[in-house]
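Notes to accompany the following structure.
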Protein chains: 2
Amino acid sequence: MHAGSPDEEWREDCAPRRVLELFATKWTSMVLHTLHARHGGTARTGVLQRSLPGISKKMLTQTLREMEASGLITRHVETVVPPAVEYRLTPLGERFVVPVELLYAWGRDNADALDFLVPRPGSRRR
Amino acid sequence: MHAGSPDEEWREDCAPRRVLELFATKWTSMVLHTLHARHGGTARTGVLQRSLPGISKKMLTQTLREMEASGLITRHVETVVPPAVEYRLTPLGERFVVPVELLYAWGRDNADALDFLVPRPGSRRR
DNA sequence: CAGGATCCTTCTGGATACTG
DNA sequence: CAGTATCCAGAAGGATCCTG
């Protein structure tokens with residue numbers, strides 16, 4: 001347990017980094033959580049948008065596209081008018097929910113310690 | 001379990017969002033993990049930098065500053081020449097390590113499913 | 001050795017308008 | 001209703017040079 005040992009090198013494509021990529025898009029884990037905890041794993045676009053106050057239509061669509069490309073969700077299109085699109089968690093997505101929920105649970109348990117972060121709504125970190 | 005219920009509103013300052021703020025700086029969780037898993041919770045600046053191939057001196061310092069401001073680590077300065085600075089996980093930091101490690105563990109367990117992400121070193125997601 | 005100060009490039013993501 | 005296409009301000013973060 002010391003420096004230099006290249007056992008688990010922080011290569012650009014190591015597992016930890018790839019997981020972080022999933023958080024790179026701001027809304028991913030929130031969509032994941034909402035889909036899972038509030039809608040049982042399946043929801044339509046508009047429902048998701050209303051469940052995530054503050055997300056723009058652009059970012060919702062973009063996030064959903066990336067999550068689909070990552071294999072976290074699937075997209076089902078009902079060919080009707082007006083179009084109805086449903087997003088559903090994949091088994092991989094369901095599994096990813098577990099650590100994400102743990103992370104959020106930790107946040108709730110340590111809310112006091114995090115109080116000094118995000119002091120006032122509108123200012124980001126730092 | 002449906003839309004509209006404002007039980008756990010996604011306000012700008014809700015716990016989940018504040019946790020995500022901790023990941024907003026790219027290297028935070030990697031520094032945390034390295035400090036914990038490779039150095040037993042305490043390490044000097046240079047050691048950390050060598051343990052994190054690819055991090056710039058600027059980002060390392062900046063990340064450490066923010067982590068200190070967030071109460072995840074403490075900074076100890078040895079007043080000698082050349083200066084020696086040690087960073088140490090706080091109890092809060094130690095607790096945060098738990099969900100972070102679970103996240104990384106999930107990544108390792110699902111490495112196969114994540115293989116299509118980060119196809120070649122040098123290109124980011126998408 | 002630790003880290004501050006700049007410069008500069010890339011990316012994020014919000015606002016808005018438009019299509020089927 | 002779902003999605004696309006632009007435009008654009010601001011943030012993230014890498015490279016480099018300088019200080020005690």
Side-chain angles (χ1 to χ4, degrees), chain A residues 3 10 12 17 20-31 35 39 42-69 73-88 117-118 121-126, chain B residues 3 10 12 17 20-31 35 39 42-70 73-88 118 121-126:
Chain A
W10 285 101
E12 187 75 24
R17 289 226 184 172
L20 290 183
E21 295 281 341
L22 296 180
F23 287 89
T25 296
K26 174 181 172 185
W27 294 95
T28 301
S29 65
M30 292 188 259
V31 167
L35 205 45
H39 306 289
T42 305
R44 291 184 48 178
T45 315
V47 173
L48 282 175
Q49 179 150 24
R50 281 185 293 277
S51 296
L52 292 164
I55 196 172
S56 65
K57 190 173 296 189
K58 173 192 165 184
M59 284 318 297
L60 177 59
T61 303
Q62 184 177 312
T63 303
L64 290 169
R65 284 289 175 283
E66 292 174 13
M67 291 176 70
E68 189 190 4
I73 58 176
T74 53
R75 182 167 177 270
H76 298 280
V77 183
E78 302 280 324
T79 335
V80 295
V81 268
V85 181
E86 263 196 359
Y87 293 95
R88 185 169 313 192
L117 287 173
V118 192
S123 69
R124 320 295 285 190
R125 85 208 66 77
R126 271 178 215 181
Chain B
W10 284 103
E12 189 74 23
R17 288 227 185 170
L20 291 182
E21 296 281 341
L22 297 179
F23 287 89
T25 296
K26 175 180 170 183
W27 293 95
T28 301
S29 66
M30 291 189 261
V31 168
L35 204 45
H39 306 291
T42 305
R44 291 184 47 178
T45 316
V47 173
L48 282 176
Q49 178 153 26
R50 281 184 293 277
S51 295
L52 292 163
I55 197 173
S56 65
K57 190 174 295 189
K58 173 193 167 184
M59 283 319 297
L60 178 59
T61 303
Q62 183 178 313
T63 302
L64 290 170
R65 284 291 174 282
E66 292 175 12
M67 290 175 70
E68 190 192 5
S70 300
I73 59 175
T74 53
R75 182 166 177 268
H76 299 279
V77 183
E78 302 281 325
T79 334
V80 297
V81 270
V85 181
E86 262 196 359
Y87 293 94
R88 184 169 315 191
V118 191
S123 68
R124 321 294 283 190
R125 91 206 67 77
R126 274 174 218 183

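Residue numbering restarts at 1 for every chain, and letters A, B, ... go by the order of the sequence lines.
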- Task: Report the residue from A:Thr63, A:Leu48, A:Leu60 that forms a side-chain contact (heavy atoms from CB on, under 4.5 Å) with A:Trp27.
- Result: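 So, applying the side-chain contact (heavy atoms from CB on, under 4.5 Å) to A:Trp27 and each of A:Thr63, A:Leu48, A:Leu60, only A:Thr63 qualifies.
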In whole Å, what is the span from the [atom1] atom of [X] to the [atom2] atom of [N]?
{"X": "A:Leu60", "N": "D:dG3", "atom1": "CG", "atom2": "C1'", "result": "10 Å"}
{"X": "B:Met59", "N": "D:dT16", "atom1": "CE", "atom2": "P", "result": "17 Å"}
{"X": "B:Arg65", "N": "C:dA5", "atom1": "CZ", "atom2": "P", "result": "11 Å"}
{"X": "B:Ile55", "N": "D:dG13", "atom1": "CD1", "atom2": "P", "result": "10 Å"}
{"X": "A:Glu78", "N": "C:dG20", "atom1": "CD", "atom2": "P", "result": "22 Å"}
{"X": "A:Lys58", "N": "C:dG13", "atom1": "NZ", "atom2": "P", "result": "9 Å"}
{"X": "A:Gln62", "N": "C:dA15", "atom1": "CD", "atom2": "P", "result": "14 Å"}
{"X": "B:Arg75", "N": "C:dA2", "atom1": "CZ", "atom2": "C1'", "result": "8 Å"}

- Determine the minimum heavy-atom distance between B:Lys26 and A:Leu20, stating which atoms define it.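 Here B:Lys26 and A:Leu20 meet closest at O-CD1, 4.1 Å.
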- Query: Which heavy atom in A:Arg44 sits nearest to a heavy atom in A:Pro83, and how many Å separate them?
  - Reply: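 Between these two residues, the closest heavy atoms are NH2-O, 3.8 Å.
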- DNA chain C nearest-nucleotide lookup for A:Pro83 and B:Tyr87: closer to the 5′ end is B:Tyr87
- Between CG of A:Leu22 and CZ of A:Arg17, what distance do you get to the nearest 0.5 Å?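 That separation rounds to 14.5 Å.
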Looking at the side chain of [X], which of [options] is the nearest nucleotide?
{"X": "B:Val85", "options": "C:dG13, D:dG3, C:dA2", "result": "C:dA2"}
{"X": "A:Arg44", "options": "D:dA2, C:dG14, C:dG3", "result": "D:dA2"}
{"X": "B:Trp27", "options": "C:dG14, D:dG14, D:dG3", "result": "D:dG14"}

- Task: Tell me whether the OP1 or OP2 atom of C:dG3 has a side-chain N or O from B:Thr45 closer than 4.0 Å.
- Result: yes
- Query: OP1, OP2 of D:dG14 versus side-chain N and O of B:Lys26: anything below 4.0 Å?
  - Reply: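 Result: yes.
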